[in-house]
Amino acid sequence: MKLLIRNLARSTTEEELKRLFDAYGTVQSCALVLDKATAESKGFAFVEMPKTKEASTAIKKLNGYTLANKVIRVKKANP
């Protein structure tokens with residue numbers, strides 16, 4: 001399942017996100033969306049978790065979680 005993570009601090013790294021989601025299961029991929037001109041984070045990312053149950057648990061546990069003083073939003077990404 002592909003998850004959309006929004007409202008990330010600009011300083012959040014892919015490694016930090018991967019560690020956070022690893023606590024709930026296998027992370028297949030993790031990608032911050034970067035501004036093409038500045039190469040800085042746009043404040044959102046995608047995380048892919050192959051097992052639906054693990055991804056659903058991550059959504060429930062991490063939606064509303066505070067990471068780097070920002071309350072993140074986690075939901076299933078639209079295709």
Side-chain angles (χ1 to χ4, degrees):
M1 180 185 296
K2 191 171 190 174
L3 307 178
L4 171 64
I5 300 85
R6 300 187 57 97
N7 201 39
L8 292 169
R10 305 282 184 212
S11 61
T12 302
T13 66
E14 285 182 2
E15 185 57 37
E16 288 173 308
L17 275 179
K18 185 175 181 328
R19 276 196 308 265
L20 184 63
F21 281 83
D22 268 340
Y24 299 97
T26 304
V27 174
Q28 185 174 334
S29 68
C30 178
L32 277 174
V33 177
L34 303 177
D35 182 281
K36 289 180 183 178
T38 64
E40 293 180 2
S41 171
K42 286 190 168 188
F44 69 99
F46 293 98
V47 170
E48 286 190 68
M49 298 181 78
K51 296 181 181 171
T52 304
K53 187 174 180 177
E54 292 175 352
S56 295
T57 300
I59 291 170
K60 288 177 190 163
K61 298 288 186 176
L62 295 175
N63 188 43
Y65 180 84
T66 301
L67 178 65
N69 295 320
K70 302 268 284 187
V71 178
I72 63 172
R73 295 188 310 272
V74 181
K75 69 176 195 171
K76 183 177 177 183
N78 292 330

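Values in this document were obtained by computation on a predicted structure and should not be read as measured data. Residue numbers start at 1 and run along the sequence shown.
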*asked:* If I compare all heavy atoms of V71 with all of G64, which pair ends up nearest, and what's the gap?
replied: CG1-O, 3.5 Å
_Pairwise side-chain contact, E40 with R10, heavy-atom cut-off 4.5 Å (strictly under)_ = no
*Nearest heavy atoms of T38 and D35, plus distance in Å*: N-OD1, 2.9 Å
*What about L17 and L34, same hydrophobic cluster or not, with Ile/Leu/Val/Met/Phe/Trp/Tyr joined at side-chain heavy-atom distances under 4.5 Å?*
yes
*Please identify each residue that fulfils salt bridge (Lys or Arg N to Asp or Glu O under 4.0 Å) with D22, with sequence neighbours left out.*
K18
*Would you indicate whether the side-chain heavy atoms of M49 and M1 approach each other to under 4.5 Å?*
no
*Among E54, K61, K51, find the residue that satisfies the side chain to side chain contact (heavy atoms under 4.5 Å, CB included) test when tested with Y24.*
K61
_Is there a path of hydrophobic side-chain contacts, each under 4.5 Å between heavy atoms, that joins Y65 and F21?_
yes
*Please round to the nearest 0.5 Å and tell me the distance separating atom CG of N7 and atom NZ of K70.*
4.5 Å
*asked:* Within the structure provided, determine whether L20 and V47 are in side-chain contact (heavy-atom separation under 4.5 Å).
replied: no
_When you compare the side chain of I5 with that of L67, does any pair of heavy atoms fall below 4.5 Å?_
no
*Would you give the length of the straight line joining atom CZ of R6 to atom CZ of F46, rounded to the nearest 0.5 angstrom?*
8.5 Å
*Scan V27, N63, L62, I59 and name whichever one has a side chain to side chain contact (heavy atoms under 4.5 Å, CB included) with L3.*
I59
*Tell me, please, which residues at least two apart from K60 pass side chain to side chain contact (heavy atoms under 4.5 Å, CB included).*
none
*Enter the distance from K2:NZ to S29:OG here, rounded to the nearest 0.5 Å.*
7.0 Å
